[in-house]
Amino acid sequence: MIGLVDCNNFFASCERVFHPELRTKPVVVLSNNDGCVIARSNEAKALGIKMGVPFYQVKKFVDEGKLHVFSSNYTLYDDMSKRVMSVIRGMVPRIEVYSIDETFIDVSGVENIYQLGLQLSARVEKWTGIPVSVGLAENKTLAKMASKFAKKYKGYHGCCVIDTPERCEKALRLFPINDVWGIGRRMIKQMNYYGVHTAYDFTKWNRSRVQREFGVTGVSTWLELQGIRCIDFEPSVAKKSITTSRSFREEITDFESLSAMVADFAALCAKKLREQHGRTAEIVVYFRTNTFRTDQPQYSNVAKVELTVPSSDVRELVTAATTGLKSIFRKGYAYKQAGVVVTNIVNGVIPIDLFDPVDRVRQEKLLQTLDKLRGKMGDRMVRVASQGDCSGEINRKYRSHCYTTNLKEIIEVKIM
DNA sequence: TCTGGGGTCCTAGGACCC
DNA sequence: TCTGGGGTCCTAGGACCC
């Protein structure tokens, strides 16, 4: 059996851990630049606030004192996520972290899985303050479905198990097709056109029709819904590409500012690369003007820079990204977004190249020293000169403190 | 006036080769 | 000069996920 552990309203729940007085209040978390809503507590959902709405549309609730709002604080969420995953890791044989707020668990060989699910849910909440929903079933698609039942119905106490054909059919009949994992916008449109409204309706199709309409991915979802395992359990796979990108609060027109941002993105990519012990030989830089504005000339472009030897050296990555940017930058445009992608990531031993002018072993020692420094002093204290300090470019009006990762922002306990 | 920031996989089509 | 079927590799774009 496979399980899915899903944190409820994760970002909002993280904020609540440090604001217990908001435990029963409507809370939302905003995207970068405070642009739109990306997480909502149940009470905020009850107010009718939809996922992804622009903040200005719900600001009236805040002004009326009916809604509490936070800018996103990914440093905090990352750290809370690691804590949640570590509690879970200690209770099951294998886990596959799927996203910041979800992990699959392998529970094969466990005798009483329902008992385990309940214990998991209780312990994660007790030890981290984050409520979770657990779904257990034969494969990932059904486990996802089970976790949604666990979240929706209080009677499950945080854990729903789909373990018999009868339970499976009952669940499929109750489950809307648009909530099925792997069925997106395009497929939903087609499904509705053909009169498919529940997961059960879909399972009644024959295989060749599914193949014809939705291809191989459609077939594997269709099979999984019928209890056949198609999507493998893959514990801790290293990422194949890493992206760092941002929209800017105010559009950027000059090369120097854009270049400083891009250098920063490259540095962040280098950091993420080193965390997974990977190196890259290909750095992609891209940018675009504001596509929502019709009154300005539009320009977007992509540049690819290849390194002769795969590297995770922040200096090499920053240089490459800057070179790429130079080759495509044009004056006279107002840039709204930019990003750096590193792809073709390789992991493992340092490659030896006879013609490589750089002493890779010495370089690695320096980089490890920098990693340690960063760990002690924070990312913004240890930078490549060209990064500049662009912390002011991004709006974070309602940001909470980094309670768990920054000594200066740690919670103070006062004894009265 | 405001519109996220990450990822993965599949497919179609072009270039090139035999 | 035109005629053919296939194969591989690469890329861009789409679709999906959170």
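Keep in mind that the numbers below use all heavy atoms, side chains included, and drop hydrogens, waters and symmetry copies. Each chain gets a letter, A, B and so on, in the order the sequences are listed, and its residues count up from 1.
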Quick note, A:Ser247 side chain, CB onward, closest among B:dT8, B:dG6, B:dG5 is B:dG5
Given protein heavy atoms under 4.0 Å, the one-letter contact record of nucleotides 9-18 of chain C, with B base, S sugar-phosphate only and - none, is simply --S---SSSS
Counting only heavy atoms not in A:Arg94, do more than 12 sit closer than 6.0 Å to its CZ atom?
yes
A:Tyr200/A:Phe175 aromatic ring centres below 6.0 Å
no
Quickly work out the A:Arg288 CZ to B:dG5 P distance and round it to whole Å.
10 Å
Under 4.0 Å, heavy atoms only, any strand: does A:Lys272 hit a base, just the sugar-phosphate, or nothing?
sugar-phosphate
Specify the residue among A:Met51 and A:Lys239 whose closest nucleotide of DNA chain B lies further upstream toward the 5′ end.
A:Met51
Partner residues of A:Asp179 under the salt bridge (charged side-chain N to carboxylate O under 4.0 Å, His left out) criterion, sequence neighbours left out
none
Tell me which pairs pass salt bridge (charged side-chain N to carboxylate O under 4.0 Å, His left out) where either residue lies in residues 51-78 of chain A, with sequence neighbours left out.
A:Lys59-A:Asp63, A:Glu64-A:Lys66
Can you pull the side chain to side chain donor-acceptor pair (under 3.5 Å) pairs that have at least one residue in residues 297-306 of chain A, sequence neighbours excluded?
A:Thr289-A:Gln298, A:Tyr299-A:Asn301
By the salt bridge (charged side-chain N to carboxylate O under 4.0 Å, His left out) test, which pairs, at least two apart or in different chains, include something from residues 7-32 of chain A?
A:Arg16-A:Glu43
Donor-acceptor pairs under 3.5 Å, side chain of residues 143-154 of chain A to any protein atom, not counting sequence neighbours: which ones?
{"unit_1": "A:Lys144", "atom_1": "NZ", "unit_2": "A:Glu102", "atom_2": "OE1", "d": "2.6"}
{"unit_1": "A:Ser147", "atom_1": "OG", "unit_2": "A:Lys144", "atom_2": "O", "d": "2.8"}

Under the side chain to side chain contact (heavy atoms under 4.5 Å, CB included) criterion, do A:Ile345 and A:Gln276 qualify, and how do the steps go?
CA-CA 10 Å; A:Ile345 295 172; A:Gln276 71 166 50; 3.6 Å; yes
For atom C1', what is the distance between C:dG4 and B:dC17, given to the nearest Å?
14 Å
Could you list all N or O pairs between the protein and nucleotides 1-3 of chain B that sit under 3.5 Å apart?
{"unit_1": "B:dT3", "atom_1": "OP1", "unit_2": "A:Lys336", "atom_2": "NZ", "d": "3.3"}

Rounded interatomic separation in angstrom, taking CG from A:Asp264 and P from B:dG5
14 Å
Are more than 12 heavy atoms, taken from residues, nucleotides or ligands other than A:Lys272, located less than 6.0 Å from that residue's NZ atom?
yes
Qualifying salt bridge (charged side-chain N to carboxylate O under 4.0 Å, His left out) pairs, either residue in residues 330-341 of chain A, two or more places apart:
none
A:Lys240 NZ to B:dG6 C1', straight-line distance once rounded to whole Å
16 Å
Using a strict heavy-atom distance below 4.0 Å, which residues from residues 214-233 of chain A are in contact with DNA chain B?
A:Val216, A:Thr217
Expressed in angstrom and rounded to an integer, what is the separation of A:Leu268 atom CG from B:dG6 atom C1'?
12 Å
Going by distance alone, is a donor N or O of one side chain under 3.5 Å from an acceptor N or O of the other, for A:Thr404 and A:Asp79?
yes
Between A:Lys140 (NZ) and B:dT8 (P), how many Å, whole number?
13 Å
Phosphate OP1/OP2 of B:dG4 contacted by A:Ser72 side-chain N/O (<4.0 Å)
no
Stems involving DNA chain B: give each as a range paired with a range, ordered by first number, where a stem means at least three consecutive Watson-Crick or G-U wobble pairs under 3.5 Å.
B:5-18 with C:5-18
Between P on B:dG6 and CG on A:Leu273, what's the gap in Å once rounded to a whole number?
14 Å
I want to know whether A:Phe287 and A:Phe265 have ring centres closer than 6.0 Å.
no
Solution key, residues 212-220 of chain A side-chain donor-acceptor pairs under 3.5 Å, sequence neighbours excluded:
{"unit_1": "A:Glu213", "atom_1": "OE1", "unit_2": "A:Gln190", "atom_2": "NE2", "d": "2.9"}
{"unit_1": "A:Glu213", "atom_1": "OE2", "unit_2": "A:Tyr194", "atom_2": "OH", "d": "3.1"}
{"unit_1": "A:Ser220", "atom_1": "OG", "unit_2": "A:Thr217", "atom_2": "O", "d": "3.1"}

What pairs of donor and acceptor atoms, side-chain ones from residues 123-137 of chain A against any protein atom, are under 3.5 angstrom apart with sequence neighbours left out?
{"unit_1": "A:Thr128", "atom_1": "OG1", "unit_2": "A:Val124", "atom_2": "O", "d": "2.6"}
{"unit_1": "A:Thr128", "atom_1": "OG1", "unit_2": "A:Ile130", "atom_2": "N", "d": "3.1"}
{"unit_1": "A:Ser133", "atom_1": "OG", "unit_2": "A:Asn8", "atom_2": "OD1", "d": "2.7"}

Base, sugar-phosphate, or nothing for A:Ile100, non-hydrogen atoms under 4.0 angstrom?
nothing
